[in-house]
2 protein chains.
Amino acid sequence: MSPASTVRSTDTQQRLSAACCYPLAAPEVGRDQAVALADLFKALADPNRVRIVNLLANADEPVCVCEFMEPLGLAQPTVSFHLAKLHRAGLLRREQRGTWAYYSLHPTALARLAQVLDPEGGTP
Amino acid sequence: MSPASTVRSTDTQQRLSAACCYPLAAPEVGRDQAVALADLFKALADPNRVRIVNLLANADEPVCVCEFMEPLGLAQPTVSFHLAKLHRAGLLRREQRGTWAYYSLHPTALARLAQVLDPEGGTP
DNA sequence: GTAGTATATTGACAATTGTCGATGTTCAAC
DNA sequence: GTTGAACATCGACAATTGTCAATATACTAC
């Protein structure tokens, strides 16, 4: 529909890669960068998504959707909802194996997120 | 009412100090710690609050409430609302000077938040 | 005391979000 | 082709959130 932006193809980790260039303590954070940063924090602003990230941080292998339902006590659509939100924020990787969808923590996600908070990030 | 917890006294930075002990990548994050961590991220999950933190990060002196209204384009009650939310999360310091209320970024707030994201934080 | 000013709080409202049942999609196995 | 299974999407709903006008609170100056 809208050919205005070239950013629609992957969508994965677009938020994070956009936000990682504008640290919280940068000289000046404009409207758009503030929205990008807020979207990033919004991805972690839910207890269930925090636990998902924690589970993935302790897993040495990708985890499929059905594995989250029991420990989180959530229905399958709800788990998909949270995983999609984390994936769209660029924090998770998605891998399709047959009918299964395996999610894993993006390798540099947490480190880059920490860099956003680094006071030195804006003025090296 | 509930004498079960001793955490009710200050409220200021209780969230942060509680969450900083439970990094995202800790061996296991339970329900309560997940809520504490999510509350912390929730504080930054809004563009206006991101800009407030950014403005304070670049200010070498505390800033009073009225100074935020114009750059953010928000009414005074809305500014107070956001400042209170950041303050309750332990990210901001509040200092009363006469009728004015001066807010400043908590010295170690961002650094401790970054520590929450540090993968080494849980298993040194 | 009164008047004026800076913040906080309240009340109401629109917008967003989390949740789940029901329905689609997509793949493997037959 | 059909069936079954895993996941995504849709629709609806309750709960939360951001916003501001109106009001309350607290302080200074008179």
Side-chain angles (χ1 to χ4, degrees), chain A residues 10-12 15 31 34-53 55-56 61-89 91-104, chain B residues 10-12 15 31 34-53 55-56 61-89 91-104:
Chain A
T10 331
D11 206 3
T12 299
R15 291 270 179 251
R31 275 235 168 276
V35 170
L37 281 167
D39 281 348
L40 196 51
F41 289 119
K42 240 177 264 187
L44 290 171
D46 179 274
N48 288 316
R49 289 196 291 273
V50 165
R51 297 190 72 194
I52 287 175
V53 170
L55 289 172
L56 289 177
E61 283 181 8
V63 181
C64 74
V65 179
C66 59
E67 297 275 356
F68 292 103
M69 297 171 53
E70 192 257 331
L72 296 179
L74 294 178
Q76 176 265 321
T78 308
V79 172
S80 274
F81 168 78
H82 287 303
L83 288 171
K85 210 152 192 173
L86 288 167
H87 182 246
R88 232 173 302 132
L91 296 171
L92 262 50
R93 271 199 175 155
R94 200 188 109 100
E95 183 188 350
Q96 187 98 25
R97 299 186 199 167
T99 324
W100 286 266
Y102 283 81
Y103 286 88
S104 56
Chain B
T10 330
D11 206 3
T12 299
R15 290 272 179 248
R31 273 241 166 272
V35 170
L37 281 167
D39 280 349
L40 196 51
F41 289 118
K42 239 178 264 189
L44 290 171
D46 178 274
N48 288 316
R49 288 197 291 274
V50 166
R51 298 190 72 193
I52 287 175
V53 170
L55 289 172
L56 289 176
E61 283 183 6
V63 181
C64 75
V65 179
C66 59
E67 297 274 358
F68 291 102
M69 297 170 55
E70 191 256 332
L72 296 179
L74 293 177
Q76 177 265 322
T78 308
V79 172
S80 273
F81 168 78
H82 288 304
L83 289 170
K85 209 150 194 176
L86 288 167
H87 181 245
R88 231 173 303 133
L91 296 171
L92 261 50
R93 272 204 175 148
R94 200 189 108 101
E95 183 188 350
Q96 188 100 24
R97 298 187 199 168
T99 324
W100 287 265
Y102 283 80
Y103 286 89
S104 57

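Keep in mind that the numbers below use all heavy atoms, side chains included, and drop hydrogens, waters and symmetry copies. The chains referred to below are lettered A, B, ... by the order of the sequence lines, with proteins before strands, and numbering in each begins at 1.
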Minimum-distance pair of heavy atoms, taken over all atoms of His87(A) and Arg94(A)
NE2-CB, 3.7 Å
Met69(A) CE to dA5(D) C1': how many Å, rounded?
12 Å
Going from NE2 on His82(A) to CD1 on Ile52(A), what distance comes out if it is rounded to the nearest 0.5 angstrom?
6.0 Å
Roughly how far, to the nearest 0.5 Å, is the NZ atom of Lys85(B) from the CG atom of Asp39(B)?
9.0 Å
May I have the distance from Phe68(B) (atom CZ) to dT19(D) (atom P), rounded to whole angstrom?
15 Å
For Ala43(B), what residues pass the side chain to side chain contact (heavy atoms under 4.5 Å, CB included) criterion, not counting sequence neighbours?
Leu86(B), Ala89(B), Leu91(B)
What is the distance, rounded to the nearest whole Å, between atom CG of Leu83(A) and atom C1' of dC7(D)?
10 Å
Compute the angle between the rotation axes at the two ends of the helix from dG1(C)-dC30(D) to dC30(C)-dG1(D), each taken over five pairs, rounded to 10 degrees.
30°
With a 4.0 Å cut-off (strictly under) to non-hydrogen atoms of chain A, the first and last hit nts on DNA chain C, 5' to 3', are dT17(C) to dC27(C)
From CZ of Arg94(A) across to P of dC7(D) the rounded distance in Å is 9 Å
Please tell me which of Arg49(A) and Ala101(B) maps to the more 5' nucleotide of DNA chain C, matching each residue to the nucleotide holding its nearest heavy atom.
Ala101(B)
Detail all sub-3.5 Å separations between protein N/O atoms and N/O atoms belonging to nucleotides 20-26 of chain D.
{"from": "dC20(D)", "atom 1": "OP2", "to": "Ala75(B)", "atom 2": "N", "distance (Å)": "3.1"}
{"from": "dC20(D)", "atom 1": "OP2", "to": "Thr78(B)", "atom 2": "OG1", "distance (Å)": "2.7"}

Shortest non-hydrogen pair, Ala45(A) vs Lys42(B), comes out as O-CE, 3.4 Å
Does any part of the side chain of Arg88(B), heavy atoms only, come nearer than 4.5 Å to the side chain of Leu83(B), both counted from C-beta?
no
Starting at atom NZ of Lys85(A), determine the distance to atom P of dT9(D), rounded to an integer number of angstrom.
14 Å
Residues Ala38(A) and Pro47(B): closest non-hydrogen pair is CB-N, 3.4 Å
Separation of Leu37(A) CG from Asp46(B) CG (nearest 0.5 Å):
12.0 Å
Closest approach of Leu56(A) and Leu92(A), non-hydrogen atoms and distance?
CD1-CG, 3.8 Å
Side-chain donor/acceptor pairs under 3.5 Å, residues 61-81 of chain A, sequence neighbours excluded:
{"from": "Gln76(A)", "atom 1": "NE2", "to": "Ser80(A)", "atom 2": "OG", "distance (Å)": "3.4"}

Residues of residues 41-48 of chain A with a heavy atom under 4.0 Å from any atom of DNA chain C, listed by number, are Lys42(A), Asp46(A), Asn48(A)
Heavy atoms only, 4.0 Å cut-off, all strands: where does Tyr102(B) land among base, sugar-phosphate and nothing?
nothing
Separation of dA6(D) C1' from Glu95(A) CD (nearest whole Å)
15 Å
Does the distance from a Lys or Arg side-chain N to an Asp or Glu carboxylate O, for Glu95(B) and Arg97(B), drop under 4.0 Å?
yes
